[in-house]
Amino acid sequence: MIVTINDREINVTKPSTILEVAKENGIHIPHFCHHPILEQWGGCRMCLVEVEKMPRLQTACTLYVTDGMKIRTESEAISKARRAVLEFILINHPLDCPVCDKAGECKLQDYVMKYGSPISRFKEKKLKHPEHTEDPLIVRNIERCIKCTRCVRMCSGVQGASAITMSLRGNHTLMEPFSGGIYECEYCGNCLTVCPVGAIMSKLHRYKYRQWQVTKEVKTTCSYCGVGCTMLLKVRENTIMRTEPKIGLGVNKGLLCSRGRFGYEYVGSKERLTTPLVRKNGALTPVSWQEALDMVATRLKEISKTSIAGIAGARCTNEENYVFQKFIRALGSNNIDSIARMGIAGGLKIIESLIGRGVTSNPISDISGSSVVITLGGDPTSINPVLGLQIRGAYRSGGKVIVLGDAPGLRRFTTINLPIRPYTESAVISEIVKVIGDTNPSILEKIDWFKPLEVESIEEYTDIKKETIKEVAEFIANAPSIAIVVGRDALQRAESVVAISALSKISMAKVYLMSERPNEIGLIDMGCLPDTLPGGVPLESGKDLSTIWGFEPPKSRGLTLMEIISQIDEGSIEALYVMGENPVFNLPNSKFIKNALGRLKLLIVQDIFMTETAEMADIVLPALSWAEKDGTYTNLEGRIQRLKKAVKTENCKEDWLIIKEISARLGINMPYSSASDIFEEIKRVSPLHRNLSSEAIEKGKALWPYGAKVKEPELLSIEMKPASNTTQGISLLVERPLFHSGTLSRKSPALRSIYPEAIAKVSPSTGQALGLKNGDMVKIGTKNGSLSLKVKIDKSVRSNILYISNNFEGKGAYGLFEYIIEPITKAPLIVQSELSIQKE
Amino acid sequence: MSYLLRNIDNPNSIDITEYEKIGGYKNLRKALEMEPISIIEEVKKSGLRGRGGAGFPTGMKWTFANADPKFPKYLICNADEGEPGTFKDRPILERNPHLLIEGMAISGHALRAEYGYIYLRGEYPYAKRVLDGAIKQAYEKGYLGDNILGKGIRFHLSVHQGAGAYICGEETALIESLEGKRGQPRIKPPFPVNVGAFSMPTIVNNVETLSNIPYIIEIGSEAYSKIGSPDCPGPKLYSVSGHVERPGVYELPMGTTLRDIIYTHAGGIRGGRQLKAVIPGGISTPVLPPSQIDCPMDFVSMPKHGSMLGSGAVMVFDESTCLVKVCLRALRFFEHESCGKCTPCREGTGWLRLILQRIENGFGEPDDLDSLLDIAQNIAGKTFCPLGDGAASVVMNFIKHFKDEFQSHITQKGCQVRT
């Protein structure tokens with residue numbers, strides 16, 4: 001259809017509002033309440049335009065164009081209407097721009113300068129309202145609020161938290177949280193993004209800078225989880241003033257979660273390591289880089305080559321992990337693995353072997369359009385919050401959301417909840433496959449490798465009624481598009497991964513693997529695995545890399561993460577090199593791990609903080625954080641995204657540079673002077689990355705398999721067995737809270753201010769049975785030790801489950817568990833022994 | 001002649017047997033024998049126009065809703081009678097509830113709506129009790145329910161109480177409120193006939209409108225269309241308040257002149273005083289000077305005389321009234337009732353009130369009248385819903401007709417009328 005705006009004819013092909021058409025054609029129409037990702041509102045009246053044959057001025061943001069429509073965006077009447085709206089807004093708006101954080105990037109300020117009247121006719125008293133500063137992170141200034149309700153629409157319509165509302169009426173209307181002064185919300189801060197004025201502000205940079213003092217704006221990828229949200233770092237001098245998403249940009253399309261938005265302060269933490277440390281007379285002592293690196297080289301030479309192992313870093317870049325695995329292989333073994341072994345590394349290998357390589361590389365944005373979403377093995381809204389929003393979106397647009405286990409963040413967005421007994425996902429999924437197969441036997445031909453899990457009574461074993469499973473199966477059988485979102489707890493177990501693969505194959509469901517770290521997939525693609533070279537090339541293929549590397553990778557398979565620990569304990573591994581990881585804290589049975597590491601002849605740790613592992617090291621090397629280096633991360637979709645240097649910390653080095661300098665001392669060739677040099681070599685080594693261009697990465701279009709043809713892996717044959725570590729009575733489970741991730745988040749004052757200490761969460765009924773009230777201290781003990789934690793009675797927790805988290809110093813949940821190594825995925829399965837719970 | 005208000009002097013009028021005695025629910029029996037579409041046609045031919053204030057042809061609204069293929073459809077009775085001066089629905093709600101219920105049951109059948117709601121203003125607690133009782137009786141007698149009078153037709157009815165917001169009389173705000181949300185108007189289009197309550201086609205009609213339906217069924221569209229004004233026929237309830245001898249609700253043929261209403265029916269101005277001003281259709285309609293009272297009170301004639309029929313709430317002011325104060329009182333109402341959604345109404349009503357307050361208090365300044373008019377113009381036609389237009393029109397029309405009184409407040413530093 002043809003519409004005319006200001007005498008210009010425009011061809012419009014899809015249903016659009018006047019404002020959208022104008023924007024696309026470079027015609028500016030001022031507006032406050034309209035926002036492209038929010039529901040229409042039409043309240044501010046700033047976008048009034050003239051439409052021929054319509055008697056009144058019309059709001060451009062709500063009126064859809066029709067064929068032949070003639071529109072004017074500038075006229076005497078429109079100017080007067082704009083001037084009037086601005087005058088109305090200003091009568092109760094304080095003229096406090098000089099002390100307002102928003103000055104310089106305030107829509108109201110800009111529009112008043114452009115369209116407003118230079119004088120005020122208002123002779124009466126303004127309405128006053130005190131500023132709300134009681135919340136630890138968010139300041140609310142009602143006087144500056146223009147009641148556009150963007151924040152409320154963001155909170156309820158997009159984020160789905162529904163934590164804030166407009167209350168009262170007329171000119172007394174004000175935005176406030178339902179909880180009163182302090183927010184009880186997800187602290188995503190997305191209300192901050194959309195507030196056009198200084199009504200909602202972050203305390204983190206309050207009074208510290210103005211927009212025009214930003215010296216650098218750096219587009220980068222978030223360092224917290226595997227979603228890989230794109231964000232802008234606003235830098236003043238050498239300090240990150242804030243992180244900010246940009247509407248439409250990245251997989252997050254302008255949204256962030258609490259960790260991404262408020263968790264950046266660790267970069268500038270005073271606790272950062274800033275000098276190499278070497279253990280002298282039992283104590284870690286500051287030394288020069290020269291001395292430390294010389295020492296690393298000398299000490300490594302003393303260890304026999306098969307007795308060295310490396311743990312790569314899920315927070316390090318692809319480039320760094322590539323260099324690291326090359327380094328460990330150059331030293332003489334394939335003993336390299338990472339924290340991805342806790343779930344993704346083993347799980348992904350099985351899925352890919354059964355249903356094809358790259359099947360988990362699906363765009364996150366597809367989830368919201370799915371007609372059925374199944375989640376298991378963790379709460380997506382806290383592990384990968386922005387992915388979780390997609391699930392909420394699917395529910396809102398009529399999709400069925402099926403939750404196995406607990407997902408408190410999806411409570412209001414769940415069609416069917418299956419409150420399964422912990423660790424019995426495999427039986428439930430297997431049963432679903434069986435039910436679908438019963439009605440449609442031919443479908444089972446696709447999965448001849450699958451034998452349903454046999455348990456005596458599915459209802460007794462899983463706590464789920466057969467009819468419920470049947471209902472779920474029917475949803476799936478009839479759904480045109482399905483997404484399965486799998487967390488670590490389900491990925492650890494071979495049998496549940498097999499069941500998920502079978503379900504995915506017969507229902508053509510897209511599988512998404514939740515990833516707790518920003519670069520877990522990168523670790524796998526870069527070959528930080530004991531059996532795989534970069535690009536997913538199996539070690540057995542005998543690929544010759546000597547022309548590029550200058551040496552042949554060792555032939556025999558290396559040890560997996562937990563095997564490395566066992567072999568250290570048994571004395572056959574004598575040296576461990578840890579890059580950006582904290583195994584003492586992040587692996588189960590810390591007491592055992594600590595003991596084992598104590599037996600090492602040499603422990604080298606590269607990190608940005610003095611971690612529990614670094615404290616045990618012989619040599620500690622200070623590395624640069626995520627905001628201080630260039631490189632790439634691969635997110636859970638398999639999308640490679642850029643990291644860019646924004647600030648610097650003196651005397652710290654990129655992880656790859658440290659390895660390079662050690663290599664030079666050991667005669668290993670690492671010919672790089674930048675991250676991009678390394679990426680060039682990755683492209684030569686990895687068949688997967690061969691065709692990748694840096695433009696594709698820059699644009700966020702570098703999606704797996706990056707234009708490469710991939711070889712399908714061999715089919716694994718896996719026997720279905722019921723999980724061995726199910727529990728009776730109260731189950732102790734590890735919670736992954738929204739506000740924390742562990743090592744980094746605990747050094748972020750903002751995140752600590754909203755979630756300051758480790759807690760134990762129980763349901764009201766279990767709390768009552770144990771005689772526990774909110775705020776009580778409870779001592780939770782197992783054979784391995786005990787933790788004293790504050791109790792939180794939480795309605796979202798099921799009875800007989802006790803949640804503890806693994807984020808705070810000295811209060812790590814993993815310390816309480818023992819583990820067994822899963823025979824196929826080699827993941828450590830936590831085992832709960834003789835639980836004792838005592839009120840203190 | 002009285003239809004809507006017949007029976008109200010019977011002390012037991014709310015009892016269903018009393019209503020049945022005067023022929024109640026026989027029109028429902030008759031309507032159930034009719035095809036839904038032919039009832040809609042009858043209503044269309046009758047020329048009935050909505051009695052809530054805007055005067056939209058009811059038959060047309062029904063046709064739009066009927067054309068939408070989505071089900072379920074909802075029928076909502078707008079009983080949020082909040083316009084100052086308006087109390088015409090109250091006698092029906094409190095004294096003749098079965099007329100409304102019968103009207104809704106017929107309309108439900110016509111519109112193939114199986115659920116009806118009466119959105120009742122929160123300040124009518126007595127009406128709530130009456131309606132609840134009447135609905136219970138209607139269920140017992142089989143006039144409501146899953147199988148009305150054994151005809152296999154389903155219509156359920158319940159009362160939803162508002163919480164005291166004027167804006168919830170606006171149909172989309174009413175629907176928001178009914179859904180349990182904050183009472184604020186929605187963007188139109190889509191109109192409620194297509195996307196209304198719970199996103200389904202929804203017909204919102206006024207109490208008086210729905211109470212006219214049994215009458216149309218009873219006497220037929222042709223006879224009905226001959227009552228009162230030819231362009232908008234039917235009986236009309238006029239609620240007369242203010243300085244008249246006999247304030248009250250009068251059922252008169254549509255198009256009765258304002259003079260007749262005031263002087264013939266309401267007994268003239270109290271104490272033999274002179275008429276100073278009259279608001280003909282509720283506070284939002286433009287005030288008229290005495291020179292205009294010969295106009296017929298219907299939807300078509302009133303605009304020709306510079307006002308609107310609105311809800312037919314006639315507010316009469318005699319010579320002892322300070323019109324600045326009336327204007328101020330009206331603006332205080334609009335400021336209080338502005339929902340806060342759109343800028344001009346939210347901020348403008350309060351600003352207008354502040355200036356009027358200052359003038360009334362004797363602190364008016366020479367440029368205040370210009371400011372009032374300019375602010376009112378900045379509101380008029382630029383707000384999200386007609387609430388703001390109403391506020392602006394009050395100010396503009398009071399100043400238009402009674403500028404001298406405003407001027408004298410400013411020059412004499414206060415009110416001269418009452419001293």
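In the text below, chain A, chain B and the rest are named by the order of the sequence lines, each starting its count at 1.
Both the backbone and the side chain of B:Ala165 come within contact range of chain A, with heavy atoms under 4.5 Å apart. For B:Asp367, the part sitting under 4.5 Å from any heavy atom of chain A is the side chain, from C-beta outward, and nothing else. In this structure, chain A has no heavy atom under 4.5 Å from any part of B:Ile167. Interface remark: A:Leu48 contributes side-chain atoms only to the contact with chain B (heavy atom separation under 4.5 Å).
The number of heavy atoms from other shown groups lying within 6.0 Å of CD (A:Glu184) does not exceed 12. Atom NZ of A:Lys23 has 12 or fewer neighbouring heavy atoms from other residues, nucleotides or ligands inside a 6.0 Å radius.
Judged as a ring pair (Phe, Tyr, Trp, His ring centres under 6.0 Å), and not counting sequence neighbours, the contacts of A:Tyr111 are A:Phe32, A:Tyr115.
Using non-hydrogen atoms only and a strict 4.5 Å limit, the part of residues 140-149 of chain A facing chain B consists of A:Ile146, A:Lys147. Proximity to chain B among residues 60-84 of chain A is limited to A:Thr62, A:Lys80, A:Ala81, A:Ala84, judged by heavy-atom separations below 4.5 angstrom.
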Sequence neighbours left out, cut at 3.5 Å: what donor-acceptor pairs do the side chains of residues 182-198 of chain B make with other protein atoms?
residue  : atom : partner  : partner atom : Å
B:Arg182 : NH1  : A:Met166 : O            : 3.0
B:Arg182 : NH1  : A:Leu168 : O            : 3.0
B:Arg182 : NH2  : A:Leu168 : O            : 2.7
B:Gln184 : NE2  : B:Cys339 : O            : 3.3
B:Arg186 : NE   : B:Glu176 : OE2          : 2.7
B:Arg186 : NH1  : B:Gly196 : O            : 3.0
B:Arg186 : NH2  : B:Glu176 : OE2          : 3.2
B:Arg186 : NH2  : B:Glu179 : OE1          : 3.0
B:Arg186 : NH2  : B:Glu179 : OE2          : 2.9
B:Lys188 : NZ   : B:Glu170 : OE2          : 3.3
B:Asn194 : ND2  : B:Asp68  : OD2          : 2.9

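Ring pair A:Phe413/A:Tyr395 is perpendicular by interplanar angle, where above 60° counts as perpendicular and below 30° as parallel.
A donor and an acceptor atom, one from each side chain of B:Tyr166 and B:Glu83, are located under 3.5 Å apart.
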